[in-house]
Enquirer: 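Please find one structure pasted underneath; my questions will follow.
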Amino acid sequence: MVDIDLIRKIDFFKGFSEDEKKIFAQRLILEEYDSHQEIFRENQIGDDSMFIIVEGAIKITKKAKKEERVLANLKEGEFFGEMSMLYPAPRSASAITIKPTKVLRFIDTDYNSFKKDYPSIVVKLNEIFIKVLIQRLRDADKKLVKTGYGIGAL
């Protein structure tokens, strides 16, 4: 169980009611990682958790032609790993700490049980996921347009 005061401080949870925050407090797991520690790796199967950064920073990387490319640098308050919650599949990228980091882990079995037990929470979670995924897609497209690719380059 995570301290409810920690959840109250994180922007990710600002749209949730006090009762909903208490439900999260019972389900989330606080984890700590050292610098340069892998949280999950590209193509990893079986870990369908998402993570919310409490302290520290994460880089999201992907291998391309034998070299590691940084897709994003994420900081306190941001989340990652949500794609595996929405659609279980091998991890599309790796998540590695940049410095000592604390995260809240939300596992897929809890997300799936929320669909039945707390559908209002799932609606709010999905709204957050969609908003951020759309923004990330737009950012990726802007990068592609700069190189002559992407939707905007058509």
Side-chain angles (χ1 to χ4, degrees), residues 1-62 70-144 150-152:
M1 184 166 172
V2 173
D3 184 353
I4 187 71
D5 288 332
L6 176 61
I7 290 173
R8 289 181 184 126
K9 293 176 186 176
I10 299 171
D11 281 346
F12 182 91
F13 299 102
K14 69 181 176 191
F16 293 94
S17 71
E18 190 64 19
D19 287 340
E20 291 169 333
K21 290 174 186 171
K22 288 176 184 174
I23 292 166
F24 276 110
Q26 295 171 1
R27 303 286 181 102
L28 296 173
I29 302 161
L30 182 63
E31 296 180 346
E32 296 185 33
Y33 294 89
D34 293 327
S35 292
H36 312 292
Q37 192 172 354
E38 185 178 84
I39 295 176
F40 57 76
R41 74 183 160 287
E42 185 176 354
N43 297 317
Q44 181 178 334
I45 298 171
D47 173 21
D48 295 330
S49 299
M50 68 161 283
F51 303 83
I52 303 162
I53 303 169
V54 176
E55 286 179 18
I58 301 287
K59 65 179 176 178
I60 305 298
T61 66
K62 188 162 185 69
V70 176
L71 301 178
N73 288 306
L74 305 175
K75 61 187 182 318
E76 185 176 312
E78 294 183 286
F79 63 90
F80 59 97
E82 73 288 344
M83 286 172 39
S84 71
M85 300 280 285
L86 299 171
Y87 185 78
R91 294 286 187 178
S92 63
S94 297
I96 303 161
T97 60
I98 296 170
K99 57 186 179 179
T101 300
K102 291 181 184 179
V103 296
L104 291 174
R105 179 190 288 258
F106 184 45
I107 59 175
D108 66 328
T109 53
D110 286 332
Y111 176 77
N112 290 327
S113 74
F114 280 15
K115 290 176 186 176
K116 184 181 90 177
D117 300 333
Y118 308 106
S120 65
I121 290 178
V122 172
V123 168
K124 290 176 185 178
L125 283 170
N126 288 345
E127 287 174 352
I128 293 168
F129 295 159
I130 290 167
K131 180 180 176 185
V132 169
L133 287 169
I134 288 170
Q135 187 58 53
R136 289 176 182 168
L137 183 59
R138 286 182 175 160
D139 292 345
D141 191 51
K142 285 178 188 175
K143 288 178 186 175
L144 288 170
I151 297 167

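Because only heavy atoms are used, hydrogens play no part in the values below, and waters and symmetry mates are left out as well, while side chains stay in. Just so you know, residue 1 is the first one in the sequence shown, and it goes up from there.
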Enquirer: Does NZ or CZ of R91 fall inside the cone over F40's six-membered ring, less than 6.0 Å from its centre and within 45° of the axis?
Expert: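 Positive - R91 is close enough to the ring of F40 and near enough to its axis.
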
Enquirer: Taking the side chain from T101 and the backbone from K99, do they hold a donor-acceptor pair closer than 3.5 Å?
Expert: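 Present.
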
Enquirer: Taking the six-membered ring for Trp, are F106 and F114 ring centroids under 6.0 Å apart?
Expert: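 Ring centroids of F106 and F114 are less than 6.0 Å from each other.
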
Enquirer: Determine the minimum heavy-atom distance between S49 and D47, stating which atoms define it.
Expert: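 Residues S49 and D47, closest heavy atoms: OG-OD1, 3.1 Å.
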
Enquirer: Counting distance only, does the side-chain N/O of T61 pair as donor-acceptor with the main-chain N or O of V70 below 3.5 Å?
Expert: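 Not confirmed, T61 side chain does not pair with V70 backbone.
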
Enquirer: Taking D5 first and then K21, would you say they form a salt bridge - that is, a charged N and a carboxylate O separated by under 4.0 Å?
Expert: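 A salt bridge is absent here (no side-chain N lies under 4.0 Å from a carboxylate O).
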
Enquirer: Determine, step by step, whether I58 and I96 satisfy the side-chain contact (heavy atoms from CB on, under 4.5 Å) criterion, reporting the C-alpha distance in whole Å, the side-chain angles of both residues, the deciding distance to 0.1 Å, and the verdict.
Expert: CA-CA 6 Å; I58 301 287; I96 303 161; 6.0 Å; no

Enquirer: What is the minimum heavy-atom distance between E20 and K124, and which atoms define it?
Expert: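 Closest heavy-atom pair between E20 and K124: OE1-NZ, 2.7 Å.
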
Enquirer: Walk me through it: do F16 and I128 pass the test side-chain contact (heavy atoms from CB on, under 4.5 Å)?
Expert: CA-CA 11 Å; F16 293 94; I128 293 168; 3.8 Å; yes

Enquirer: Check the pair E127 / I130 against side-chain contact (heavy atoms from CB on, under 4.5 Å), numbers first and verdict last.
Expert: CA-CA 5 Å; E127 287 174 352; I130 290 167; 6.0 Å; no

Enquirer: On the 0 to 90° scale, with breaks at 30° and 60°, tag the F129-F79 ring pair as parallel, tilted or perpendicular.
Expert: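 If you compare the ring of F129 with that of F79, the planes turn out tilted.
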
Enquirer: What's the separation between atom CD1 in I52 and atom CG in L74, rounded to the nearest 0.5 Å?
Expert: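 If I round to the nearest 0.5 Å, the distance is 12.5 Å.
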
Enquirer: Counting N and O atoms only, with roles assigned by atom type, does the side chain of D141 sit under 3.5 Å from a partner on the main chain of L137, one being a donor and the other an acceptor?
Expert: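 No, D141 side chain to L137 backbone: no donor-acceptor pair under 3.5 Å.
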
Enquirer: Is the shortest heavy-atom distance from the side chain of I98 to the side chain of N73 under 4.5 Å?
Expert: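 I98 vs N73: side chains touch.
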
Enquirer: Short question: side chain of E78, backbone of K75 - any donor-acceptor pair under 3.5 Å?
Expert: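 Side chain of E78 to backbone of K75, a donor-acceptor pair under 3.5 Å: yes, one is there.
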
Enquirer: Should the pair E42-K62 be classified as a salt bridge under the 4.0 Å nitrogen-to-oxygen rule?
Expert: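 Answer for the salt bridge query: yes.
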
Enquirer: Do other residues, nucleotides or ligands put more than 12 heavy atoms under 6.0 Å from R8 CZ?
Expert: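 For R8, atom CZ is crowded (more than 12 foreign heavy atoms under 6.0 Å).
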
Enquirer: Between K9 and E76, does any NZ, NE, NH1 or NH2 come within less than 4.0 Å of an OD or OE carboxylate oxygen?
Expert: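 Here E76 does not pair with K9 in a salt bridge, since their nearest N and O are not under 4.0 Å apart.
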
Enquirer: Checking N126 against Y111: is there a side-chain donor and acceptor pair closer than 3.5 Å?
Expert: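 Side chains of Y111 and N126: pair found under 3.5 Å.
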
Enquirer: Quick one, V103 with V54, criterion side-chain contact (heavy atoms from CB on, under 4.5 Å). Give me CA distance, side-chain angles, the key distance, then yes/no.
Expert: CA-CA 5 Å; V103 296; V54 176; 5.7 Å; no

